[in-house]
Amino acid sequence: MPTLIALDASLSMLRPVPGRNEHTYQSLATKGIQHLLDNLMAAGKMEHVALLSYSTTAELKVDFTRDYDQVRQAVKKVEPVDKACLMSMLKAVVSIMSPWGNQNILQVVVFTDCGLGFGNTSITGFLEAYAEKESEPEFGFLKTLANYNLNFICLGLHGDYYFTRGLAVYQQLLDKVSLKGQLFMTKPAKSSDAVEGNPNPNPNPSHKSELGRTTVFELIERLCEASYKSSEVTLKCGSYFRMEAPVLLWPPTAPYEQKSHIFGREPTIRHTDQKIEVCGFLALSDIGSPAILSRHWVLPKVEREKSGGSRRSGNLSAAAKPPKLNLDTSNPNYELEKLEADIKEFYAKDSKDTEESGDDDVTIVLKPGPQTEHQKENLCVLLHGALKMENMAALVRVGDKWYGFIYAFTDSKKKSNLMLNILPPGANVIPWLGDLESLGFPEDLAPGETASFPVRADRRSYSQSSVVWIRQASLQSDVQKVLRHAKKMPDKTQHFYKELNRIRRAALALGFVELLEALAMLLEKECAHLSLNGASNDCTLQLQHAATELRKTSNRDIKSTIVPLQKVGASDAGSTAATAPAPSYMY
Amino acid sequence: MFERNQKTIFVLDHTRYFSIASEEYISMDFLKGKPSGDGGATGAAGNATGSGGSQFSKSLWTCACESSIEYCRVVWDLFPGKKHVRFIVSDTAAHIVNTWSPSTQNMSHVMNAMVMVGVPSRNLPTSSDYSVIHGLRAAIEALAEPTDEQLAAMADLGTDELSRIPNKGRVICITSARDNTSMKSLEDIFNTVLVQQNTLAAPPAKKGLIIDHCHLVILNIVPLGVESLVTNRSLLKISPLLDVEIHTVSAPDISYKLTHLILNHYDLASTTVTNIPMKEEQNANSSANYDVEILHSRRAHSITCGPDFSLPTSIKQGATYETVTLKWCTPRGCGSADLQPCLGQFLVTPVDVTSRPSSCLINFLLNGRSVLLEMPRKTGSKATSHMLSARGGEIFVHSLCITRSCMDEAPSITDGPGGRVSDYRTAELGQLIKMSRMVPLKVKDPSAPPLTRRLPRYFPLTTSSSILFHLQRHISWLSHFLHLLVKEDMDKQDEVRCQQHIHELYKSASRGDVLPFTHTNGARLKLSKAKDQYRLLYRELEQLIQLNATTMHHKNLLESLQSLRAAYGDAPLKSEPGASLLRSFTESPLSPERLEPISSVGASGSSNSNSLLKASKRRMSSCGQRSLLDIISSAERSQSNKRLDFSGRLCTPLGQVAKLYPDFGTKDKDAVTTGASITPNVKEESVRS
C-alpha cells in the first residue's frame with residue numbers, strides 16, 4: 001500500500017490556529033505527518049511513503065521509500081510559497097503513482113486547510129470546467145485517480161466559514177468525479193453546523209479550541225483505523241497447539257466481489273476467513289504459476305503494547321519490554337506450556353553446569369528469564385524453513401471454496417520470507433491441479449490406483465495431428481510426406497498407407513474430392529517415374545493399387561480404410577476391396 | 001457467464017451452387033514440391049504453371065467447410081467446455097451435425113459427421129426445395145435449446161425465474177445470394193422465425209428458452225474473380241432481437257475473414273512471439289529466427305497494461321488486425337517459472353497450427369519448458385510481461401505483474417520474531433510435508449482424515465523444548481517406541497512392546513543412568529540433575545500419550561506410566577488437582593477423541609464394574625460384528641491391562657512363555673494362596689524391588 005503524503009504549502013498554512021498561539025496550521029500538519037509515520041513504523045515499517053508539497057506547482061520532496069527519517073527531515077524543510085492548487089497536485093499524483101500500476105492499493109494522504117484556490121485553478125473553477133466534459137482527454141487522469149484512496153486531513157475550525165465552505169466543495173469534488181475519498185476533520189466543538197454528521201460527542205469540551213495537537217492525532221488514528229488496519233488471522237497447521245499461531249497478512253487482504261451469473265442478482269462481497277488452515281502440501285513445480293488475486297507476506301504477529309501514548313514518544317520502547325511468560329492454569333495447554341518451560345530451563349541450567357559448577361542462581365546471563373520476541377520460537381519460521389527445504393508450498397483454505405498457497409519466497413537479494421498467494425475464489429481455478437476440493441493423500445487412493453499432477457485436459461488441436469489446408473503450404477507438406485514414403489516402399493509401406501488414409505479422411509470431411517483424384521494422378525506419375533528408374537516391383541504395385549483405391553467412389557465412406565496390397569505378384573489383387581472397418585471412426 | 005458467444009451456430013449452405021470450384025487453382029507440380037518457388041500460394045494460384053489437367057481447385061463447399069471448422073478449432077482450444085459451436089447443413093432440409101452436448105462439441109465428432117454430409121451433388125436439378133432457409137430455421141430452434149450450463153442454472157432457479165437466465169447467441173451463415181433483395185428477404189424471414197420462436201417459448205407453451213438476442217453474420221461467398229451484387233454491410237439493428245451484418249468474400253479469403261471476425265466474437269487478441277531461434281534441418285550448426293502468431297483472450301494483454309508502457313503492436317502482411325509482438329527470451333532454470341506473480345492465465349492456440357515454426361514452439365512447451373516473453377518499456381529497459389507454459393497438455397499464456405510492487409524488498413524472516421532461534425525441527429517438519437504431499441483424487445472419501453489428523457498431535461517446534469525428540473537422536477530404540485505410541489490403531493502387541501520400553505526406562509532410571517544429552521559435552525551430571533531428566537522425560541511422555549490416546553491400549557500405557565512417575569517420586573496423581581487437571585485436558589478441543597477421564601488408580605470395585613460396563617458399551621458401538629462373549633472378554637482383558645503387567649512377563653523376552661511361580665513349593669502354603677490372587681499393589685511392589 002504505497003502512501004503519498006501531500007502537504008499543502010500555501011501561505012494560508014502559516015496562519016496561527018486561533019486560540020492556540022503555539023501552533024500554525026503548518027506546524028499541526030507537520031506534527032500530523034510525524035504521527036502518521038510513527039503509526040506506520042509501529043505497524044512494521046512496511047509501507048512505502050513519498051512526500052509531496054504543493055502550492056501552484058507540486059514538488060516531489062521524497063520519492064517512495066521505507067526510510068521514514070528521510071520524510072521526517074523533508075517535512076520540516078517545506079516552506080509555504082503561494083496559493084494552493086489542488087487539481088494540479090492531483091494530476092501530479094497520478095504521474096508519481098504510475099509505476100505502481102493498478103495491482104497495489106494506493107493511498108494519498110493530503111494535509112490541508114481546505115483552501116479552494118483562486119481563479120481558474122481553483123476547485124470551483126475546475127468543477128465548472130469539468131461539468132459535461134468528462135470524456136475530454138484533459139480529464140483522463142481522473143479515471144486513474146479514481147482507483148486511489150484519497151484521504152484528506154482537513155485542518156480547520158468549524159466556526160470558520162471559509163473552512164466549512166471548503167469542506168463542502170471538497171466533498172462535492174469527490175462526489176462529482178466519483179473519487180474514492182474521505183475527509184477527516186475534527187468534531188465541531190459547538191456542534192452547530194457539521195458538514196459531515198459525526199455521531200460521536202466531543203470528548204474534550206474543555207479544550208480552548210477544537211483544533212490542536214491531540215485532535216490532529218485523533219484524525220490520524222482514525223485514518224489508520226480506516227486505511228491501514230492490518231489483517232490478523234490465525235494460521236493453523238495440524239492439531240498441536242504450537243502449530244497454530246496468530247499471523248499478520250501484509251498488505252491487508254481486500255474483499256472480493258463475486259458476480260452472479262443470474263440477471264439482477266447483487267454481487268456478493270467475500271472476505272477471507274479469520275482462520276486459515278493448511279490442507280496439505282504440493283510441490284512448487286506442480287503448482288506452476290497460476291493466476292492469483294493477491295500476494296501477502298505472512299508475518300508472525302508480535303504482541304505490542306497498544307496505546308497511543310507510547311507511540312507518541314516516537315521510539316518504541318515496547319520491544320525492549322516483552323510480555324512475561326504468563327502461564328495461566330486455566331489455559332487448556334497449561335500443562336504443555338509448563339512442561340516446555342521446564343524443559344527449556346533444564347537445558348539452560350544444564351549447559352551452564354558444564355561451564356561452571358557454581359551455584360545455580362549466581363550467573364544471570366544464561367538464565368532463561370523473559371525472552372525477547374526474536375528469541376521466542378515461531379511457527380512461521382519453522383514452516384518457512386521446512387517449505388523452503390522441500391521446495392514445496394502449503395495449500396491453505398482461506399474461505400469456503402477459496403484457497404491459497406503459502407510458500408517461501410526469496411527475492412533477488414536472497415532475502416526470504418513466508419508468502420501467501422490468494423487464488424481467485426472457487427475450487428476449480430487451476431486447470432492443471434483440478435478440483436482443489438478433491439485433492440487428497442496417496443493413502444486415500446483406491447488400491448492399485450495411481451494419481452499425479454498435472455491433471456490432464458482433453459487433447460487440444462495442437463497436440464493432435466490436425467489437418468488444416470487453409471494455407472496451400474500445409475497441403476503441400478502433407479502430400480509430400482506421402483510421396484516421400486512412397487519412394488521408400490516397401491520399407492515404409494505402413495507409413496505410406498497411414499499418411500494416405502489421413503489425407504483421404506480429411507479430404508472426405510472437407511468434401512475435397514478433387515484432391516483424391518489429384519493424389520491418384522500424382523501416385524501414378526510417381527509410379528511411372530519410379531519404374532523407369534528401376535524401382536522394386538513391390539513399390540510400383542502398391543502405388544498402382546493406392547491410386548485405384550483412391551478413385552473408387554465406394555471408398556468415399558467414413559468406415560473404409562485403404563489397406564496395403566497383400567499378395568504381391570497376383571495381378572488381380574487390386575480388385576480385393578479393401579474396406580476394413582475402422583471402429584474408431586464411428587459416427 | 002452466459003454471454004452472446006456462448007452459443008454459436010454455423011449454418012452451411014449445401015445447395016448445388018456450392019459444388020462449383022472456388023477458382024483458386026493448385027498445381028500438381030506445386031504439390032510435389034518441384035517448383036523452386038519458396039512460398040506456397042503465390043506461385044500456385046492462377047493458370048500460370050498448369051498444362052491442362054495438372055491443376056485442381058477446392059470447391060466453395062470445401063472453403064466454407066474448412067474455414068468454419070478452423071473457427072471452432074480456435075474456440076474449442078481456447079474455451080473448452082465453455083463456449084459451444086454447432087453446425088447445421090442446409091439443402092432440402094436442415095441436417096444437424098452436432099448438439100450442445102459436450103460429447104459432440106469436439107473436432108473429431110464434427111469431422112466424422114462432415115464425411116457423412118459430403119460434397120453437394122453437381123447433378124441434382126435446381127429447385128426451390130434447396131435452400132439455406134431450412135438451416136436458419138433450425139438454427140433458431142437450436143438457440144432456444146438450453147446448454148448444459150443453462151440447464152444447471154435452471155435447476156438452481158425456480159421455474160418462474162427461468163426468464164432470468166440470459167440466452168443470447170450468434171448465427172454465422174455461409175451462403176451465396178443473388179443480390180441485395182434476396183439478402184433482405186433472408187433477413188426478414190430470419191427475424192419472423194425468431195419472433196415466432198419466442199412466442200412458442202413464452203407461456204403457456206414454454207417450448208425452450210426465450211432468445212434474448214441474436215447476432216446474425218451472413219458471409220456471402222463467390223468464386224475468385226467473380227463480382228457479387230450483394231453489398232457489404234456492417235452491423236445493423238433489424239429489430240430489438242436481431243442484429244445483422246453482411247460480408248461478401250471470395251471463397252479463398254473466407255478463412256481470413258473468419259479469423260478476423262473471431263477476434264471480436266470472443267474478445268481475442270493476437271500475440272506474435274518473435275525471434276524464436278530454430279535449428280535448420282540442413283544446417284544444424286546455425287539457427288534462424290522465426291515468428292509464431294498465437295491467439296488468446298484479450299485480457300491477457302489488457303490485464304498487464306500500465307501507464308508507463310504499452311504493448312508493441314504491428315499488423316502482419318495481409319492481415320486486418322493488430323498483433324502484439326513480444327520477444328522470446330531464452331528460458332532459464334525450470335524453477336524460475338514457478339509461482340510468478342501472475343495476474344491471469346489464458347489458453348492459447350496457434351493461428352497456423354500446422355506450420356513448422358508453430359509446431360516447434362508447441363513441442364518445446366509441451367515438453368515442459370516455459371518461455372518468458374519480453375517487451376520494451378518506454379524508458380528503454382525491458383520487462384518480461386508474459387510467460388508461455390504448458391500444463392496438463394494445455395498451453396497457457398500467463399500475464400505477469402510488471403509494475404512496481406509494494407512487496408519488493410522483502411523483510412527477511414530471520415530478522416522477524418523467532419528468526420534467531422536455531423534449533424527448529426525443520427528437517428522433521430520437512431519429512432512430514434513430504435509425506436503429506438497431495439494428489440488429485442477421482443473420488444474423495446469425505447471420511448478420509450484431513451491434514452490436522454495426519455500430522456502429529458504432539459510436535460514441539462524446537463529440539464530445545466523437548467527431551468524426547470532430543471534423545472531420539474541418541475537412543476536408537478526411541479524412535480520406534482515413539483512411533484508405536486502414536487499409532488491410532490495400537491493393538492495388544494504394540495502395547496506390550498511399549499510397556500517393555502517403559503519398564504526399561506524405569507530400570508535405567510532406578511539405576512541412575514545418565515541420559516545421553518549432547519549439551520552435557522560428556523560431562524557427568526549431578527545425581528539430582530539425572531533425576532530431573534527422568535522426571536521431565538516421564539512428563540513429556542505422558543503428554544505425548546495423552547494427546548494421542550485413541551485406544552484402550554493408550555489408556556493402559558498412560559496409567560502404567562503415571563504409576564511409574566508416582567514411584568519415581570514425581571506424582572501428579574496423588575491429589576485431586578491432578579485429576580482435575582487431567583479432566584481439563586480431556587475437555588480441551590485439542591483432544592476430542594480421547595476416551596473418558598481415567599478413573600483414578602485404586603478405584604473401588606463398584607467403579608471398576610462400572611467402567612467395565614462403559615468399556616463394553618464402547619466396544620459395542622465401535623464394532624458391531626462381535627459376539628457378546630468377545631465384547632465382555634475383551635473388556636475384561638482391557639480392564640486387567642490397566643494394571644502393570646505381571647512382572648515375570650515383563651522380564652521375559654517377547655514370544656517366550658513366562659514361567660509362572662518359579663519358586664513354587666519353597667514358600668508357605670498360605671503365601672501361595674495370596675500369590676494366586678495377587679493385588680495390583682503387590683505386583684507394583686515386586687516391580688519396584
Side-chain angles (χ1 to χ4, degrees), chain A residues 98-101 104 238-240 242 261 263 280-281 284 289 291 300 302 332 339-340 347 350-351 354 373-374 377-378 381-382 384-386 389-390 411 415 417 432 434 438-440 444 451 454-457 460-462 466 468 470 472-474 479-480 508-512 514 518 558 587, chain B residues 1 31 33 40-41 56 61-62 65-66 73 77 111-112 114-115 119 164 255 306-307 338 340 342 344-345 353-354 362 391-394 398 403-404 406 410 412-413 417-418 420-421 424 426 429-430 433 436 438-441 444 448 451-452 455 457 459 461-462 464-465 519 521 523 539 588:
Chain A
S98 65
W100 296 99
N104 301 289
S239 59
Y240 187 54
R242 285 285 182 213
H261 61 260
F263 265 150
F281 301 92
L284 289 182
S289 291
V302 189
L339 173 68
E340 223 167 68
Y347 280 128
D350 199 37
S351 53
T354 57
E373 286 295 342
H374 285 260
E377 60 196 42
N378 194 289
V381 187
L382 172 62
H384 171 268
M389 188 172 70
E390 300 298 335
D411 72 359
K415 278 190 176 176
N417 211 327
W432 55 91
S438 68
L439 294 187
D444 303 336
V455 173
R456 296 209 79 83
R460 304 279 162 250
S461 71
Y462 42 77
S466 299
V468 181
I470 290 167
Q472 295 192 352
S474 55
V479 171
Q480 279 178 312
L508 289 175
L510 300 175
F512 199 3
E514 294 84 354
I558 182 75
Y587 171 46
Chain B
M1 184 179 178
L31 277 191
F56 61 101
W61 170 254
T62 302
C65 207
E66 69 176 2
R73 177 187 75 80
D77 268 0
M111 290 290 264
N112 291 337
M114 281 301 190
V115 178
V119 66
R164 283 171 63 185
S255 288
D338 297 330
Q340 294 265 359
C342 168
Q345 83 234 349
V353 72
T354 53
I362 287 160
R391 296 257 164 197
E394 291 180 296
H398 301 258
T403 52
R404 188 174 173 186
C406 59
S412 178
I413 193 144
R420 295 272 182 257
V421 179
Y424 284 110
T426 312
L429 186 61
I433 285 175
S436 313
M438 297 184 105
V439 291
L441 300 179
K444 187 168 182 181
L451 185 75
T452 39
L455 291 182
R457 285 147 206 251
F459 192 86
L461 303 188
T462 55
S464 66
S465 52
H519 277 232
N521 299 330
R539 266 173 72 191
S588 92

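For the set Ala451(A), Ala386(A), Ala509(A), the count of heavy-atom pairs under 4.5 angstrom toward chain B peaks at Ala509(A). Of the listed residues Thr462(B), Val353(B), Leu461(B), the one with more heavy-atom pairs under 4.5 angstrom with chain A than any other is Leu461(B). Note: Gly440(A) leads Gly385(A), Pro454(A), Gly440(A), Gly434(A) in heavy-atom pairs under 4.5 Å with chain B. Contact tally against chain A (heavy-atom pairs below 4.5 Å) for Arg73(B), Gln345(B), Met111(B), Met114(B): the top residue is Gln345(B). With respect to chain A, the highest number of heavy-atom pairs below 4.5 Å among Gly344(B), Ser412(B), Ser465(B), Cys65(B) belongs to Ser465(B). Note: Ile413(B) leads Ile413(B), Leu455(B), Val119(B), Val115(B) in heavy-atom pairs under 4.5 Å with chain A. Taking Val479(A), Leu382(A), Leu508(A) one by one and counting their heavy-atom pairs under 4.5 Å with chain B, the maximum is reached by Leu382(A).
Between the side chain of Asn104(A) and the main chain of Arg404(B), a donor-acceptor pair closer than 3.5 Å is present. Side-chain atoms of Thr62(B) come within 3.5 Å of backbone atoms of Leu510(A) as a donor-acceptor pair (strictly under, hydrogens ignored).
Nearest heavy-atom pair, Phe512(A) versus Phe56(B), reported as atom, atom and distance to 0.1 Å: CZ-CE1, 3.6 Å. Closest non-hydrogen pair, Gly393(B) versus Tyr462(A), comes out as O-CE1, 3.9 Å. Closest approach of Val455(A) and Pro440(B) over heavy atoms only: CG2-CB, 3.8 Å. Heavy atoms only, all atoms of each residue included: Ser466(A) and Thr354(B) are closest at O-CG2, 3.7 Å.
Summarising the geometry, atom OH belonging to Tyr424(B) is positioned 6.5 Å from atom CD belonging to Glu377(A); distances are rounded to the nearest 0.5 Å.
If you measure heavy-atom distances from Ile362(B) to chain A, the contacts under 4.5 Å come from the side chain alone. For Glu514(A), the parts sitting under 4.5 Å from any heavy atom of chain B are the backbone and the side chain alike.
Within the 4.5 Å cutoff, the side chain of Leu439(A) has no heavy atoms near those of the Val439(B) side chain. At a threshold of 4.5 Å between non-hydrogen side-chain atoms, the residues Glu394(B) and Trp432(A) do not count as touching.
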